[in-house]
> 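My structure is below; once you've seen it, I'll send some questions.
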Protein chains: 2
Amino acid sequence: MARRAGVSPALVSYVLNDGPRPVSAAARERVLAAVHELGYRPDGLARSLRVGRTSTLGLVVPDAVNPFFGELAHAVEDAAFGIGYAVMVCNSADSSARERTYVTSLAERRIDGLILASTSEETDLSDLTDLAIPVIALDRAPDAAPISTIRVENATGAYLGTRHLVEHAHDRIAFVGGPDTGVSTLRREGYLHALQEAGRPPWRELRTSAFTLAAGADIANELLAGDAPTAVMVASEVQAIGLVTGLGRLGARVPGDIAVVAMDGTAAGAHASPRLTTVAQPIRRMAEMAVTHLVRSPARVVHEALHGDLVVRESCGCPARS
Amino acid sequence: MARRAGVSPALVSYVLNDGPRPVSAAARERVLAAVHELGYRPDGLARSLRVGRTSTLGLVVPDAVNPFFGELAHAVEDAAFGIGYAVMVCNSADSSARERTYVTSLAERRIDGLILASTSEETDLSDLTDLAIPVIALDRAPDAAPISTIRVENATGAYLGTRHLVEHAHDRIAFVGGPDTGVSTLRREGYLHALQEAGRPPWRELRTSAFTLAAGADIANELLAGDAPTAVMVASEVQAIGLVTGLGRLGARVPGDIAVVAMDGTAAGAHASPRLTTVAQPIRRMAEMAVTHLVRSPARVVHEALHGDLVVRESCGCPARS
DNA sequence: TTGAAAGCGCTAACAA
DNA sequence: TTGTTAGCGCTTTCAA
């Protein structure tokens, strides 16, 4: 390439990167002409190898088909794109083996930072930390390892949602959680707290096998068995949407027969039928914080707990609003 | 690293890659010990630079939050993971500028192949083709450029769905398409074909502003205006789910007041309320074909048109089945 | 303002 | 079976 333009490789670099040395207009011209003529495409691998930076971030989520993680991934990508970073999104499919493999693979690819939204609490991050690649964990308790964390106030969120159900004068309020993860546990605590504060007993506590539509639908039977609750706090929107469908199939209407409040705040919840009353996570803000932190101040370890807002719509039985 | 183990760098490579030369047990031992002790992590960038391969594929979709593309991305990732490849998923957000930027960025990163699910018909792929990086396009008409394509039989699919509505004895069947893309156009043709065959006139043809829940919901008003149809063929499931919500908000029930058939076949459609009758795309098969082709026989240009199957559920008015 | 050259970490051809 | 070495394509220091 440099030969073709009749200049040194250094010159080509100066021109393409606008620096760090100045280049005469004539030389620049020649380089640009050759670039164009040869269809020259700079090799990012060689560049990254040399400068020790890939401008790539990793994102590991359990399942990007879950609208919450889908929107999160989208938001992370937007934030990264805005500052010239690309992101590799990896679905661990709730398998810690697969998660491990991805962490290793991302480390090998020398990503500049990882955003980890993991189901498992115990992920081996030594591949990353040994290379001094910063990690920021989403929705995880502060680890033994000194990594930054960002999460929503899970307990408070579920408390808010449950309290809304209490205010609807329900006294048989159930809880539907997911697989036994920290998130699910914390949300359950918020639920219990709200009930306790209101002097009501927990009515029924169920957990689905996964955070999916199918799992949510499958649990409808169990929820309705025997002394059925009149309201339910659901740990996530996917589950809630699935549950509503499952209930409908059994002839139970939402909110008429059973009121539902969920957590997450995705578009899927807003457009479900009925529209879900939900505790919305500040998804875009979380994504921006994570990306910014990783890129700007990776060394500093921070722990952010963000507030989730109750968004009242139809599924709780409130009169429809626009 | 090599020094630390008291061996040559070549030996380290032989041990870590199991070849191409044999290594004595003693040497292997020493290398492995040093690897462990130093927390050595091989640099994939250097390796890729050397071997001319990154074991990474690119995937560009308009919007991975759309369940169809979300599931597609997931399926592509699964297929790639199975053969040791990673994938960079990029959302073009229906912006051809952003799509361009991503194509260039992926080319710079020297991906081994690109799967392109683009809305725009005219994407400049010279960055890729100049580097001899194979591209396979999803849902696109054979291009001027000789790139492989995989798609579902769009017209046939919509024809199948519409014919089902005809068999339900509807004679006021509308069509809801999306932004003016090839996909939307082909599906409309299938719709028109089915009506023509049945000797019925198209009743109303609408198009949403985007393939999103919100856009689907927004068009409900227009669909119901004046002489409302009794059935509607919708070009995609996101739109259909949004539409059902929108209709419900206006007091129209599906399928009672208006029957709906959609296309895509995602989990979201299966768990919507009512469950969507839909023409299902063979998502996993498309993903596997794309990945396999890119990795195994990138040089051969193929054009596959896959069949979509009508999946009868509730939204068309058929008696509920399990 | 430009050129020469070192070196990022790896693999593979060649030599021993 | 192992060591030496060139070189993948880039950036950047140093010298001119």
Side-chain angles (χ1 to χ4, degrees), chain A residues 1-35 38-56 84 104-112 127-128 130-133, chain B residues 1-35 38-56 84 104-112 127-128 130-133:
Chain A
M1 160 65 215
R3 196 165 60 244
R4 188 60 167 70
V7 300
S8 79
L11 258 282
V12 178
S13 175
Y14 297 159
V15 170
L16 263 32
N17 300 324
D18 258 335
R21 316 265 56 160
V23 178
S24 72
R28 156 168 289 113
E29 206 61 23
R30 286 228 301 291
V31 170
L32 260 20
V35 162
L38 299 180
Y40 169 78
R41 304 284 186 285
D43 188 326
L45 295 172
R47 171 170 221 282
S48 291
L49 179 61
R50 177 63 232 242
V51 303
R53 211 170 359 91
T54 51
S55 299
T56 302
T104 304
S105 154
L106 291 168
E108 256 173 23
R109 288 178 163 79
R110 294 298 190 265
I111 52 167
D112 291 339
D127 283 341
L128 271 351
D130 284 1
L131 290 167
I133 296 173
Chain B
M1 161 62 214
R3 196 166 57 245
R4 189 59 166 72
V7 300
S8 81
L11 259 280
V12 178
S13 175
Y14 297 157
V15 170
L16 264 32
N17 300 326
D18 258 335
R21 315 266 57 165
V23 178
S24 73
R28 156 168 289 113
E29 205 61 23
R30 287 230 301 291
V31 170
L32 260 19
V35 162
L38 299 179
Y40 169 78
R41 303 287 186 283
D43 188 326
L45 294 172
R47 170 169 222 282
S48 291
L49 179 61
R50 178 61 231 241
V51 303
R53 208 169 3 89
T54 51
S55 299
T56 302
T104 304
S105 154
L106 290 169
E108 256 173 23
R109 288 178 162 79
R110 294 298 190 263
I111 52 167
D112 292 339
D127 282 341
L128 270 352
D130 284 1
L131 290 167
I133 296 174

> Going by heavy atoms in the side chains, are A:Val7 and A:Arg28 under 4.5 Å from each other?
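Answer no - side chains too far apart.
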> To the nearest Å, how far apart are B:Arg109 CZ and D:dC10 C1'?
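Atom CZ in B:Arg109 sits about 16 Å away from atom C1' in D:dC10.
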> Roughly how many Å is it from CG in B:Asp18 to P in C:dT11, rounded to a whole number?
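B:Asp18 atom CG is separated from C:dT11 atom P by 12 Å.
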> Tell me, do B:Arg41 and A:Asp130 make a side-chain contact under 4.5 Å, heavy atoms counted?
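Yes. Closest side-chain heavy atoms under 4.5 Å.
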> Could you list, one pair per line, each protein nitrogen or oxygen that sits under 3.5 Å from a nitrogen or oxygen of nucleotides 13-16 of chain C, together with the distance?
from	atom 1	to	atom 2	distance (Å)
C:dA13	N6	B:Tyr14	OH	3.1

> Side chains of residues 42-52 of chain A: which donor-acceptor pairs under 3.5 Å do they make with residues two or more places apart or in other chains?
from	atom 1	to	atom 2	distance (Å)
A:Asp43	OD1	A:Leu45	N	2.7
A:Asp43	OD1	A:Ala46	N	3.2
A:Ser48	OG	A:Gly44	O	3.0
A:Ser48	OG	A:Arg53	O	2.9

> Taking CZ from B:Arg53 and P from C:dG9, how many angstroms apart are they, rounded to a whole number?
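After rounding, the gap between these two atoms is 21 Å.
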> What is the separation between atom CZ on A:Arg30 and atom P on C:dG3, rounded to the nearest whole Å?
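Nearest whole value for this atom pair: 8 Å.
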> Pick one: which of B:Pro20, B:Pro9, B:Ser8 meets side-chain contact (heavy atoms from CB on, under 4.5 Å) with B:Tyr14?
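That would be B:Pro20.
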> Quick one: which of D:dT4, C:dT2, D:dT11 gets closest to the side chain of A:Ala27?
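Looking only at heavy atoms from C-beta outward on A:Ala27, the closest nucleotide is C:dT2.
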> Given D:dT11, D:dT4, C:dT11, which nucleotide is nearest the side-chain atoms of A:Val51?
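My answer, after comparing the listed nucleotides, is D:dT11.
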> Give, for atom CZ of A:Arg109 and atom OG1 of B:Thr54, the distance between the pair rounded to the nearest 0.5 Å.
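Reported value, rounded in 0.5 Å steps: 7.0 Å.
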> Atom CG of A:Asp43 to atom P of D:dC8: distance rounded to whole Å?
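After rounding, the reported distance stands at 12 Å.
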> Tell me which nucleotide among C:dG9, D:dT11, C:dT2 gets nearest to the side chain of A:Ser13.
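Closest nucleotide among those given: D:dT11.
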> What is the distance, to the nearest angstrom, from the CG atom on B:Leu45 to the C1' atom on C:dC8?
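Taking atom C1' of C:dC8 as the reference, CG of B:Leu45 is at 10 Å.
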> Tell me the interatomic distance from B:Leu49, atom CG, to C:dC10, atom P, rounded to whole angstroms.
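The distance from CG of B:Leu49 to P of C:dC10 comes to 12 Å, rounded to the nearest Å.
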> Applying side chain to side chain donor-acceptor pair (under 3.5 Å), can you list everything that pairs with B:Ser24, at least two apart in sequence or on another chain?
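Not a single residue meets the side chain to side chain donor-acceptor pair (under 3.5 Å) criterion with B:Ser24.
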> Closest-nucleotide mapping onto DNA chain D: is B:Ser24 or A:Asn17 further toward the 5' terminus? I mean the 5' end.
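Nearest nucleotide further toward 5': that of B:Ser24.
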> Which pair of heavy atoms, one from B:Leu32 and one from B:Val15, lies closest together, and at what distance?
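Distance-wise, the nearest heavy atoms are CD1-CG1, 3.6 Å.
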> State, to 0.1 Å, how close A:Leu11 and A:Val23 come at their nearest heavy-atom pair, and which atoms those are.
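That would be CD1-CG1, 3.5 Å.
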> Give a yes/no on whether any side-chain N or O of A:Ser48 is located under 4.0 angstrom from OP1 or OP2 of C:dC8.
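No, outside the criterion.
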> As a test of reading the structure: which of C:dT2, C:dG3, C:dC10 is closest to the side chain of B:Pro42, going by heavy atoms?
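Closest nucleotide among those given: C:dC10.
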> If each of B:Arg50 and B:Ala25 is mapped to the nucleotide of DNA chain D with the nearest heavy atom, which maps nearer the 5' terminus, i.e. the 5' end?
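Residue closer to the 5' terminus by nearest nucleotide: B:Ala25.
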> Within this structure, what is the CG-to-P distance between B:Leu11 and D:dT5, rounded to whole angstrom?
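Atom CG in B:Leu11 sits about 15 Å away from atom P in D:dT5.
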> Between the opening five pairs and the closing five pairs of the helix from C:dT1-D:dA16 to C:dA16-D:dT1, how far apart are the helix axes, to 10°?
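For the helix from C:dT1-D:dA16 to C:dA16-D:dT1, the axes at opposite ends meet at about 40°.
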> A:Arg110: which residues meet the side chain to side chain donor-acceptor pair (under 3.5 Å) condition with it, sequence neighbours left out?
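Per chain and number, A:Arg110 pairs via side chain to side chain donor-acceptor pair (under 3.5 Å) with no residue.
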> Identify, with sequence neighbours excluded, every residue that meets side chain to side chain donor-acceptor pair (under 3.5 Å) alongside B:Ser55.
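Scan of B:Ser55 (side chain to side chain donor-acceptor pair (under 3.5 Å), adjacent residues dropped) gives none.
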